[in-house]
Student: 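What follows is a single structure, and I will ask about it in a moment.
Side chains included, hydrogens not; waters and symmetry mates left out as well; all remaining heavy atoms used. All chains are named by letter (A, B, ...) in the order of the sequence lines, taking the proteins before the strands, and each is independently numbered beginning at 1.
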Amino acid sequence: MEKSFAIGAFFKKYREQRRISLRAASPDSPSTLSRFENGQSRISGERLRAVMQREGIRYWDMQQHSDQYLSPFKQVADLLYLERFNMQSERVDAAVRQYKTRTVSATGRLQELNMAVLDAVMKARKTGVTTALDIEIQQDIQRVLFASRDWIIYDYCLLRLAANYMPTDVLKRCFKRAIVQQDISGSEYGDYYLRLVEQVSLVLLCRRDAEVQTLCAPQLSDELVNRFDGEDGFTIHFLNIMFNGDTRAEVETRLSEMSGMLKTLGLVEMDNYFRSYIELIYG
Amino acid sequence: MLSQPLNKLVKHLRHDRGLTLEEIRGQWTTATMSRFERGEIDLADDVAAQLQVPLGLDYEDLIVRHIVSDEDLNDWQYLASEMWSADHAQVILNQLNKLAVPGARNGFLKVASAVIEELLRIHYVGSQNMKKSVINELDKYLANLSEFGRLEGILFSVCTEYVPAETGWHWVSRQIEMANVASAPPQLTRRLISFGANVAERAAIEQNFKLMRGILDVLWKLDALIPENAFQRYNLQLLEALFADLTTKSATTHRRLIEVTRTGRIIFSAKSHESMVRATIKQGWASAADFNAMM
């Protein structure tokens with residue numbers, strides 16, 4: 001990842017390698033594009049997006065070059081999600097360090113909440129003991145989530161990361177807000193919603209909450225699973241076993257069948273991850 | 001569908017987060033930010049970057065909300081054979097043609113349209129092979145690149161199914177080379193593994209086991225660089241089991257092949273898993289009876 005990203009130079013090189021003329025990329029104003037490419041002026045977001053269309057560039061491509069196109073919090077939240085089967089991985093340290101470096105001069109309420117939540121995650125990782133967030137932080141998270149009439153990725157990620165460090169009543173209140181939100185926004189934020197449902201289900205199962213099944217099971221939709229970008233059917237399968245098993249014996253049979261599949265694939269960390277949950281849930 | 005202009009999204013987020021214009025203005029004046037929120041002016045693209053920390057806004061939110069153009073990436077995914085849809089392909093082709101400026105040179109639009117037209121033809125006549133002329137055009141295009149765009153990655157990987165495995169592997173290994181995998185984000189490495197797995201399967205069909213072995217060795221090294229993930233691991237274990245079964249066939253290797261395939265019913269949707277099983281049977285790598293016996 002390049003530290004300082006010269007966006008104009010990136011566009012110029014990209015265009016030239018693909019033999020795209022200035023006029024083909026920006027028919028209304030080739031000279032504006034040229035000045036932009038040479039770093040002599042900026043162009044509006046709208047014009048830039050039109051150029052991107054004609055050159056086949058997507059934001060995803062710019063994200064490969066510059067952190068600027070990835071918010072620090074989403075970046076760390078995504079990485080921690082990918083590392084969830086082995087939180088002891090060094091990559092977890094690296095991801096949190098990167099977040100802190102990127103936001104070293106940042107201030108504001110959201111930044112304080114993010115830092116408090118990441119500290120709780122890292123403390124639990126180090127000591128193995130889960131400590132609740134300070135009461136003011138909990139209240140503030142709840143306030144942010146309830147004030148937001150239209151959740152963005154941030155809100156889903158914040159609650160997912162904070163879930164394990166909130167008392168059950170606060171967590172359930174916030175999660176019910178997420179359910180309402182999901183009804184409004186439909187499947188657009190499906191990936192992030194599903195990650196949240198999974199985490200809340202696991203946390204409440206471990207706490208042996210009486211409401212977990214009625215609250216979480218209806219939210220677990222197989223259709224929301226993005227089977228390519230980091231999600232996998234195993235967590236859903238695990239939760240379905242937990243929620244739908246009639247007898248303890250039946251649950252155990254199905255869990256051991258699932259463990260067998262993970263071994264078949266050599267997914268050692270995932271197997272350990274689910275085992276540790278089984279231990280926490282059944283004690 | 002969530003859809004609104006950026007200025008409206010920023011305005012209501014700022015209100016919801018209880019922030020002043022001063023707190024989000026970044027390099028602009030509060031007056032400029034205010035005019036931006038009211039929709040009177042458009043600001044440079046990086047305005048979204050300065051809102052990441054105070055508002056928690058990410059570029060992906062803009063994509064989800066159709067404020068920026070990446071949402072058509074979904075249409076591109078439909079070019080892959082297991083999701084193939086001639087309607088989607090036609091939509092993309094029409095969009096590309098609309099973007100073309102008459103008389104102006106645009107290598108990307110030219111090669112992308114040529115490929116999609118060829119994919120439409122291949123699916124229409126039920127062919128397994130792309131025309132030589134299109135392969136050559138892609139090859140020439142690739143030779144000029146020092147990096148792959150996301151769309152180009154999709155375009156090339158879709159084509160690997162219809163070109164000789166040697167050619168497909170040339171394309172994918174160029175992408176791996178360009179990606180600097182040691183420091184690449186895991187999401188990118190995953191894509192490369194999937195692309196490579198497609199080519200390895202084509203090598204199996206061609207019975208080019210030397211190439212298949214070489215590809216698998218590279219892909220395992222990539223797999224070691226990313227967090228455990230069922231999707232890519234399934235691809236690799238399945239190809240490994242297939243390799244063993246095709247090169248040193250025994251009851252054990254065959255049982256292993258069926259066992260690995262069977263885990264796919266947890267990892268993929270029921271429909272994709274069924275079609276994968278059917279494809280395995282069609283290639284003659286296993287029989288329906290093998291699966292019935294295991295299920």
Student: Does the side chain of Arg150(B) come within less than 4.5 Å of Gln63(A)'s, by heavy atoms?
Tutor: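 Not in contact.
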Student: Measure Tyr273(A) against the heavy atoms of chain B and call it side chain, backbone, both or neither at under 4.5 Å.
Tutor: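 For Tyr273(A), no heavy atom lies under 4.5 Å from chain B.
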Student: Pick one of side chain, backbone, both or neither for Tyr69(A), based on which atoms fall under 4.5 Å of a heavy atom in chain B.
Tutor: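 Interface part for Tyr69(A): both.
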Student: Considering all heavy atoms of both residues, which atom of Ile63(B) and which atom of Tyr59(A) are nearest to each other, and what is their separation?
Tutor: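 It is CD1-CB, 4.3 Å.
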Student: Apply side chain to side chain contact (heavy atoms under 4.5 Å, CB included) to residues Glu55(A) and Asn106(B) and explain how you reach the verdict.
Tutor: CA-CA 8 Å; Glu55(A) 297 189 5; Asn106(B) 190 330; 5.8 Å; no
Student: Which heavy-atom pair separates Asp61(A) from Phe148(B) by the least distance, and what is that distance?
Tutor: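 Looking at all heavy atoms of both residues, the shortest contact is OD1-O, 4.2 Å.
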Student: Non-hydrogen atoms of chain B under 4.5 Å away: do they reach the side chain of Asn114(A), the backbone, both or neither?
Tutor: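 For Asn114(A), neither part sits under 4.5 Å from chain B.
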Student: May I have the step-by-step check of side chain to side chain contact (heavy atoms under 4.5 Å, CB included) for Arg58(A) and Leu151(B), ending in yes or no?
Tutor: CA-CA 8 Å; Arg58(A) 293 296 179 269; Leu151(B) 292 187; 3.4 Å; yes
Student: Go through the atoms of Leu265(A) and report whether side chain, backbone, both or neither lie under 4.5 Å from a heavy atom of chain B.
Tutor: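 Contact with chain B is through both the backbone and side chain of Leu265(A).
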Student: Counting only heavy atoms closer than 4.5 Å, note whether Arg15(A) contacts chain B via side chain, backbone, both or neither.
Tutor: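 For Arg15(A), neither part sits under 4.5 Å from chain B.
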Student: Between Glu23(B) and chain A, with a heavy-atom cut-off of 4.5 Å, which part of the residue counts as in contact: side chain, backbone, both or neither?
Tutor: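 Contact with chain A is absent: no heavy atom of Glu23(B) under 4.5 Å.
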Student: Measure Tyr14(A) against the heavy atoms of chain B and call it side chain, backbone, both or neither at under 4.5 Å.
Tutor: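 For Tyr14(A), the side chain is the part near chain B, not the backbone.
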Student: How long is the span from the CG atom in Leu51(B) to the CD1 atom in Ile152(A), to the nearest 0.5 Å?
Tutor: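 Interatomic distance, Leu51(B) CG to Ile152(A) CD1, rounded to 0.5 Å: 9.5 Å.
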Student: Quick check: do Ser44(A) and Ile41(B) have side-chain heavy atoms less than 4.5 Å from each other?
Tutor: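 The answer is no; the side chains never approach within 4.5 Å.
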Student: Can you say whether Arg102(A) sits under 4.5 Å from chain B via the side chain, the backbone, both, or neither, judging by heavy atoms?
Tutor: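 Answer is side chain: those atoms of Arg102(A) sit under 4.5 Å from chain B.
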Student: Work out which heavy atom in Asp16(B) is nearest to a heavy atom in Arg149(A); give both atom names and the distance.
Tutor: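 Smallest heavy-atom distance, with atoms named: OD1-NH2, 2.8 Å.
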Student: With rounding to the nearest 0.5 angstrom, report the CD to CZ distance, Glu228(B) to Arg84(A).
Tutor: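 The CZ atom of Arg84(A) is 11.0 Å from CD of Glu228(B), to the nearest 0.5 Å.
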Student: Rounded to the nearest 0.5 Å, what separates atom NE2 in His237(A) from atom CD1 in Ile266(B)?
Tutor: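 If we round to the nearest 0.5 Å, His237(A):NE2 and Ile266(B):CD1 are 3.5 Å apart.
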Student: What pair of heavy atoms forms the shortest contact from Pro27(A) to Val101(B), and how long is it?
Tutor: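 The answer is CG-CG2, 3.7 Å.
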Student: Using non-hydrogen atoms and a 4.5 Å limit, figure out which bit of Phe108(B) sits close to chain A: side chain, backbone, both or neither.
Tutor: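 It is both, since atoms from each part get that close.
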Student: I'd like to verify something: which residue of Asp61(B), Thr263(B), Asn144(B) has the highest number of heavy-atom pairs under 4.5 Å with chain A?
Tutor: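 The candidate making the most pairs under 4.5 Å is Asp61(B).
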Student: Taking C-beta and beyond as the side chain, do Phe234(A) and Ile267(B) meet within less than 4.5 Å on heavy atoms?
Tutor: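 Phe234(A) reaches Ile267(B) side chain to side chain.
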Student: Quick check: do Gln52(B) and Gln75(A) have side-chain heavy atoms less than 4.5 Å from each other?
Tutor: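 Contact flag for Gln52(B)/Gln75(A) side chains = no.
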Student: Heavy-atom count check: over 12 atoms from other residues, nucleotides or ligands less than 6.0 Å from Phe10(A) CZ?
Tutor: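 Yes - once you tally the heavy atoms of other residues, nucleotides and ligands closer than 6.0 Å, there are more than 12.
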Student: Given that the side chain runs from C-beta out, which part of Arg23(A) has a heavy atom under 4.5 Å from chain B: side chain, backbone, both or neither?
Tutor: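 Arg23(A) touches chain B through backbone and side-chain heavy atoms alike.
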Student: Evaluate Leu82(A) against Gln187(B) for side chain to side chain contact (heavy atoms under 4.5 Å, CB included), listing each step before the verdict.
Tutor: CA-CA 9 Å; Leu82(A) 295 180; Gln187(B) 293 93 331; 4.0 Å; yes
Student: In terms of heavy-atom pairs under 4.5 Å with chain B, which of Gly45(A), Ala106(A), Gly260(A), Ser71(A) leads?
Tutor: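 Most pairs with chain B among the choices: Ser71(A).
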Student: Nearest 0.5 angstrom please: Gln50(B) CD to Gln68(A) CD, how far?
Tutor: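 So the CD of Gln50(B) and the CD of Gln68(A) are separated by 10.0 Å.
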Student: Pick from Gly18(B), Gly149(B), Ala48(B), Ala49(B): which one has the most heavy-atom pairs with chain A under 4.5 Å?
Tutor: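 Of the options given, most contacts go to Gly149(B).
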Student: Quick one: does Asp42(B)'s side chain have a donor or acceptor within less than 3.5 Å of a partner on Glu46(A)'s backbone?
Tutor: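 Judged by distance alone, yes, a pair lies under 3.5 Å.
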Student: Between chain B and each of Asn86(A), Thr107(A), Asp155(A), count heavy-atom pairs under 4.5 Å; write down the option with the most.
Tutor: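 Highest number of heavy-atom pairs under 4.5 Å: Asp155(A).
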Student: How far apart are the C-alpha atoms of Gln237(B) and Thr264(A), what are their side-chain angles, what is the distance that settles it, and do they pass the side chain to side chain donor-acceptor pair (under 3.5 Å) test?
Tutor: CA-CA 9 Å; Gln237(B) 293 285 13; Thr264(A) 296; over 6 Å; no
Student: Just so I understand: if I count every heavy-atom pair under 4.5 Å between each of Leu267(A), Leu158(A), Ile43(A) and chain B, which residue has the most?
Tutor: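 Heavy-atom pair counts peak at Leu267(A).
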Student: Can you tell me how far apart CD (Gln17(A)) and CG (Leu142(B)) are? Round to the nearest 0.5 Å.
Tutor: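 That separation rounds to 10.5 Å.
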Student: Counting only non-hydrogen atoms closer than 4.5 Å, does Glu112(A) touch chain B with its backbone (N, CA, C, O), its side chain (CB onward), both, or neither?
Tutor: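 It is neither, since no heavy atom gets under 4.5 Å.
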Student: Heavy-atom distances under 4.5 Å only: say whether Ser148(A) touches chain B with side chain, backbone, both or neither.
Tutor: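 For Ser148(A), the contact with chain B is made by backbone and side chain together.
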Student: Which atom pair, heavy atoms only, marks the closest approach of Arg19(A) to Arg105(B)?
Tutor: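 Scanning both residues completely, I find the closest heavy atoms to be O-CG, 3.3 Å.
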Student: Identify the two heavy atoms, one from Val53(B) and one from Pro72(A), that lie closest to each other, and give their separation to 0.1 Å.
Tutor: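 Where Val53(B) meets Pro72(A) most closely, the heavy atoms are CG2-CG, 4.1 Å.
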Student: Rounded to the nearest 0.5 Å, what's the gap from CG on Leu13(B) to OH on Tyr154(A)? Could you check?
Tutor: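 Going from CG on Leu13(B) over to OH on Tyr154(A), the span is 11.5 Å.
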Student: Could you please spell out the steps behind the side chain to side chain contact (heavy atoms under 4.5 Å, CB included) verdict for His65(A) and Glu147(B)?
Tutor: CA-CA 11 Å; His65(A) 286 267; Glu147(B) 71 170 295; 2.9 Å; yes
Student: Out of Gln111(A), Arg91(A), Glu16(A), which one racks up the most heavy-atom pairs below 4.5 Å with chain B?
Tutor: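 The residue among Gln111(A), Arg91(A), Glu16(A) with the greatest pair count is Arg91(A).
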Student: Do the non-hydrogen side-chain atoms of Arg18(A) and Glu152(B) ever get within less than 4.5 Å of each other?
Tutor: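 Heavy-atom side-chain distance check passes, below 4.5 Å.
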Student: I'd like to know if Asp150(A) and Arg65(B) make a salt bridge, using a cut-off of under 4.0 Å between side-chain N and carboxylate O.
Tutor: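 Looking at Arg65(B) together with Asp150(A), the answer is yes, because their closest N to O distance falls below 4.0 Å.
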